[in-house]
Amino acid sequence: MIRLLLAALGLSFLLIGCQSNDVDPTEERARLLAQRPAIDSVPSSALGPQALLTGECGLFLWSQTDVSKFIFYSKALSGTALFAQGETPLALTQIAAGGDIFGQFNTTLGYLADDGREVSLDLVPGDLLEGGQRIESGMINVRDREGWDTKLPVLGVRACQLE
């Protein structure tokens, strides 16, 4: 029984070694990349500073993979947001809110861009801060017009201008 198993194993290695692989790895990689959608959802730039007036609150999110990129901002109760999208920030209109409430925001938010892209946020609130709260973790999902989803992990803060 063991000899039969070893013979079968040896034959399978021999067959694997005899297979021809005429595909150039560079060409295969190029083919696979060409099949992927154009991902302009990944931020290549960042938003500039955003100001809050006394008594206003905002949601500030940074890319978790590159914390130097401030990529999402929404002023509480405005129903709008800015999202760093490719080279040009997208203006978003809020279309949904759900989950739990933390401060003036919900843990699940949905937005729509003028070009039809859907942007959804799922946030996990963290420690309370003076005038705000950390966002322990979060995920931005961008669904393009063709139905492709791009997920961007984020972290941030919900902050209010107290004085």
Side-chain angles (χ1 to χ4, degrees), residues 24-163:
D24 179 11
T26 306
E27 290 176 11
E28 180 66 11
R29 178 170 163 71
R31 185 185 66 77
L32 290 173
L33 287 174
Q35 289 178 348
R36 290 180 37 193
I39 300 178
D40 59 356
S41 300
V42 177
S44 59
S45 61
L47 299 176
Q50 303 295 317
L52 295 173
L53 300 175
T54 301
E56 290 182 329
C57 299
L59 180 62
F60 302 82
L61 300 175
W62 286 263
S63 168
Q64 196 167 351
T65 55
D66 183 354
V67 293
S68 68
K69 289 188 179 175
F70 169 46
I71 63 170
F72 185 91
Y73 168 74
S74 178
K75 189 182 297 186
L77 307 174
S78 70
T80 62
L82 289 174
F83 176 53
Q85 178 87 3
E87 292 298 318
T88 308
L90 280 181
L92 304 174
T93 302
Q94 187 175 337
I95 57 171
D100 296 328
I101 295 174
F102 70 108
Q104 298 80 3
F105 295 94
N106 290 70
T107 55
T108 303
L109 297 164
Y111 295 89
L112 186 62
D114 291 339
D115 64 3
R117 283 181 270 192
E118 297 175 24
V119 177
S120 59
L121 274 71
D122 287 307
L123 305 171
V124 178
D127 298 330
L128 291 174
L129 306 169
E130 184 176 333
Q133 187 171 8
R134 289 186 211 284
I135 306 301
E136 183 177 308
S137 66
M139 187 68 67
I140 295 178
N141 185 72
V142 181
R143 177 166 288 169
D144 69 14
R145 295 169 298 279
E146 290 80 34
W148 289 92
D149 287 345
T150 302
K151 298 194 179 296
L152 304 166
V154 293
L155 47 84
V157 66
R158 167 191 63 83
C160 299
Q161 182 64 37
L162 301 176
E163 297 177 12

Which heavy atom of [X] sits nearest to which heavy atom of [Y], and what is that distance?
X: Ala46; Y: Ala84; result: CA-CB, 4.1 Å
X: Phe70; Y: Gln50; result: CE2-CG, 3.8 Å
X: Leu52; Y: Gln161; result: O-CG, 3.6 Å
X: Leu82; Y: Ala91; result: CD2-CA, 4.3 Å
X: Leu61; Y: Gly156; result: CD2-CA, 4.1 Å

Could you tell me whether Ile101 atom CD1 has more than 12 heavy atoms of other residues or ligands within 6.0 Å of it? no
So Phe72 and Leu109, side chain to side chain contact (heavy atoms under 4.5 Å, CB included) or not? Walk me through it. CA-CA 12 Å; Phe72 185 91; Leu109 297 164; 5.7 Å; no
Within this structure, what is the [atom1]-[atom2] distance for the pair [X] and [Y], rounded to the nearest 0.5 Å?
X: Asp114; Y: Leu90; atom1: CG; atom2: CG; answer: 8.5 Å
X: Glu136; Y: Leu123; atom1: CD; atom2: CG; answer: 11.5 Å
X: Gln133; Y: Arg158; atom1: CD; atom2: CZ; answer: 5.0 Å

Within the structure provided, determine whether [X] and [Y] are in side-chain contact (heavy-atom separation under 4.5 Å).
X: Gln94; Y: Val119; answer: no
X: Phe83; Y: Leu152; answer: yes
X: Leu129; Y: Arg134; answer: yes
X: Gln85; Y: Val142; answer: yes

Go through Leu121 and Val154 one step at a time and tell me if the side chain to side chain contact (heavy atoms under 4.5 Å, CB included) criterion holds. CA-CA 9 Å; Leu121 274 71; Val154 293; over 6 Å; no
Is a side-chain N or O of Glu118 found less than 3.5 angstrom from the main chain of Gly116, in a donor-acceptor match? no
Any sub-3.5 Å donor-acceptor pair from Glu130's side-chain atoms to Gly132's backbone N or O?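 No; zero donor-acceptor contacts below 3.5 Å.
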For the pair Ile71 and Asp66, evaluate side chain to side chain contact (heavy atoms under 4.5 Å, CB included) and give the outcome as yes or no after the intermediate values. CA-CA 10 Å; Ile71 63 170; Asp66 183 354; over 6 Å; no
Is Arg117 paired with Asp144 through a side-chain N to carboxylate O contact shorter than 4.0 Å? no
All pairs passing side-chain hydrogen bond (donor to acceptor under 3.5 Å, both in side chains) where residues 96-111 contributes a residue, at least two apart: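 Of all non-adjacent pairs touching residues 96-111, those that pass side-chain hydrogen bond (donor to acceptor under 3.5 Å, both in side chains) are Thr108-Asp122.
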Counterpart residues, ring pair (Phe, Tyr, Trp, His ring centres under 6.0 Å), relative to Tyr73 (two or more places apart): Phe60
